[in-house]
Amino acid sequence: MSLHESPVVSHQPSDSAPADLDAADRARILAKAALFSPPPAQLADGRRDLVGMSREEITAELAEIGEKPFRTKQLWHWIYHQGVTDFTKMSSIAKPLQQKLAERFIVGRPAAATVQTSTDETRKFLFRFRDGQEAETVYIPDRREDRGAVCISSQVGCTLSCTFCHTGTQKLVRNLGAAEIVGQFMAARDSYNEWPSPKGETPRLLSTIVLMGMGEPLYNYENVAKAMRIVMDGEGIALSRRRITLSTSGVVPLMDRCGEELGINLAVSLHAVRDDLRDQIVPLNRKYPIAEVLAACRRYPSASNARRITFEYIMLRGINDSEADARELVRLIGGLPAKVNLIPFNPWPGSDYKPSTREQQAKFAQIVMDAGFASPIRTPRGRDILAACGQLKTESERRRASAPVSAE
């Protein structure tokens, strides 16, 4: 049976989660994440990176060198509000302490191996980390206002193997650490000279974060959560939780935890309305089928206070883009405060899929809109530099893939 011939299966989501199974599954996911832990945020000479540490960790580090807790607030301000990486430029800190700090610590950034700017002004960074691993980050400027979103990666590679996604063809190498995650945003700010952190109503150029880059953020939850707490701290970068969106393919136990602990916006990569089809194009569905994912969406805290959950839906010609699919999608998300992002498939070398026709995209969108849900058709951005949705894959991985195979 082909991808588009399978019968429509009805799913009635349940709003309750079996707590014991959920806790066991959550523990299993976190244990697996530990197998892909990032290397320590430390240089070969022993100096440690202050970026990515919590306030409590910085306070403990300072106590070891005989410094009082109030120094944490000073450092936090310089690192996350001013964006300063050089201790000698932290003018509220006396020179003897500047030197003491420089001997033991650094304020790091991932190195930009390449930076490409698209004809539509989308900018893609290939960041290289201390162990030589790489991940991509994309800044997507708003077409109407002087602001935009930074699309951040959470892993080097990905385990999900979604068949339409270029990133999914790159095996998971490791998780990114909190310093590497928040560091992507800080390095992007460096690129646009957006320090100190804008306050209050001051316009932000880099105004939002979307955890939609390489990897499944909930498979690296601990590091992602730590990084986002740093980003949301009101005395530093100070992005509101409403300005941060985490995209998941539906890791149900960690969706619950993310809602409880962070309360940031949620986007769910749905992409199909039948389990048989979603099993094939989003293999994680075999573990967490559509009914369970939607039940987790209904439990998510923002779903109860009118902050909409976003459903991402890639439009694949002849596979998931029929009017019947649109009507089933409307049925599935009925009662949720939701919006549907319709994403034209972005071709990449070796992919078998074709994007839906514009006519079919419009028909699909109209059905969803007529049911009361916003359903914008996303305009692909940065296609010319492979920065569009589903196209991210590190340049080094591409080079390895295209290199001639050695006979040895």
Side-chain angles (χ1 to χ4, degrees), residues 4 7-17 140 142-145 149 208 210 212 240-250 252 255-256 258-259 263-275 277-278 281-282 285 288-317 319-345 355-381 389:
H4 57 280
V8 172
V9 179
S10 175
H11 304 290
Q12 186 59 49
S14 161
D15 289 348
S16 60
I140 308 159
D142 192 286
R143 287 186 178 275
R144 294 170 297 279
E145 298 182 49
T208 55
V210 289
M212 296 182 183
S240 145
R241 68 187 66 233
R242 292 174 178 270
R243 293 279 185 188
I244 302 170
T245 299
L246 181 145
S247 177
T248 178
S249 290
V252 169
M255 288 168 67
D256 290 321
C258 180
I264 56 182
N265 297 323
L266 185 69
V268 176
S269 296
L270 192 62
H271 306 314
V273 294
R274 310 188 315 266
D275 277 322
L277 175 57
R278 196 167 187 262
I281 65 175
V282 184
N285 196 72
Y288 305 112
I290 293 170
E292 290 185 28
V293 172
L294 290 174
C297 290
R298 294 176 194 280
R299 294 192 298 270
Y300 199 79
S302 69
S304 63
N305 63 11
R307 274 168 60 201
R308 294 179 298 181
I309 288 176
T310 299
F311 290 94
E312 308 277 359
Y313 197 95
I314 196 109
M315 300 290 286
L316 303 172
R317 188 185 303 181
I319 291 175
N320 66 350
D321 63 349
S322 70
E323 288 97 317
D325 288 319
R327 287 189 286 272
E328 176 66 358
L329 174 61
V330 164
R331 189 189 76 77
L332 286 171
I333 65 175
L336 268 170
K339 91 181 249 196
V340 178
N341 266 350
L342 299 176
I343 307 168
F345 172 67
S356 301
T357 64
R358 289 188 179 183
E359 180 186 17
Q360 196 59 30
Q361 290 173 31
K363 285 181 183 176
F364 195 105
Q366 194 61 53
I367 290 169
V368 179
M369 282 191 287
D370 287 348
F373 299 100
S375 57
I377 300 170
R378 186 185 291 174
T379 303
R381 304 290 297 279
C389 183

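Throughout, residue positions are numbered sequentially from 1 according to the sequence presented.
- For Gln361, there are no side chain to side chain donor-acceptor pair (under 3.5 Å) partners at least two apart in sequence or on another chain.
- The side chain to side chain contact (heavy atoms under 4.5 Å, CB included) test with Phe311 is passed by exactly one of Leu294, Leu342, Leu332: Leu294.
- Proximity of Val252 to Val293: side-chain heavy atoms (C-beta onward) are separated by under 4.5 Å at one or more points.
- Contacts of Asp321 classified as side chain to side chain donor-acceptor pair (under 3.5 Å), with partners at least two apart in sequence or in another chain: Ser356.
- For the pair Arg278 and Leu270, the minimum side-chain heavy-atom distance is below 4.5 Å.
- Residues Arg242 and Asn265 bring no donor and acceptor atom of their side chains to less than 3.5 Å of each other.
- At a threshold of 4.5 Å between non-hydrogen side-chain atoms, the residues Ile377 and Ile343 do not count as touching.
- Looking only at side-chain heavy atoms (C-beta outward), Arg358 and Lys363 stay at 4.5 Å or farther from each other.
- Side-chain contact between Ile264 and Thr245 is absent, with no heavy atoms from C-beta onward closer than 4.5 Å.
- Considering all non-hydrogen atoms of both residues, Arg317 and Pro355 come closest at NE-O, 2.9 Å.
- Using a 4.5 Å cut-off on side-chain heavy atoms (C-beta onward), Arg274 and Glu328 make no contact.
- Looking at every heavy atom in both residues, Gln360 comes nearest to Met315 through O-CE, 4.5 Å.
- Under the 4.5 Å side-chain criterion, counting only non-hydrogen atoms from C-beta, Ser249 is not in contact with Tyr288.
- The two residues Ser375 and Ala365 come nearest to each other via the heavy atoms OG-O, 3.0 Å.
- For Ile290 against Asn285, the heavy-atom pair with the smallest separation is N-OD1, 3.3 Å.
- Interatomic distance, Ile367 CD1 to Met369 CE, rounded to the nearest 0.5 Å: 10.5 Å.
- Taking Tyr313 as the reference, Phe364 meet the ring pair (Phe, Tyr, Trp, His ring centres under 6.0 Å) condition, with sequence neighbours excluded.
- Among all heavy-atom pairs drawn from Leu266 and Met255, the shortest one is CD2-CE, 3.9 Å.
- Side chain of Arg299 to main chain of Gly259: no donor-acceptor pair is present (N/O by atom type, distance under 3.5 Å, no hydrogens or angles).
- In this structure, the side chains of Pro376 and Lys339 come closer than 4.5 Å at one or more pairs of heavy atoms.
- The nearest pair of heavy atoms linking Ile309 to Cys297 is CD1-O, 3.3 Å.
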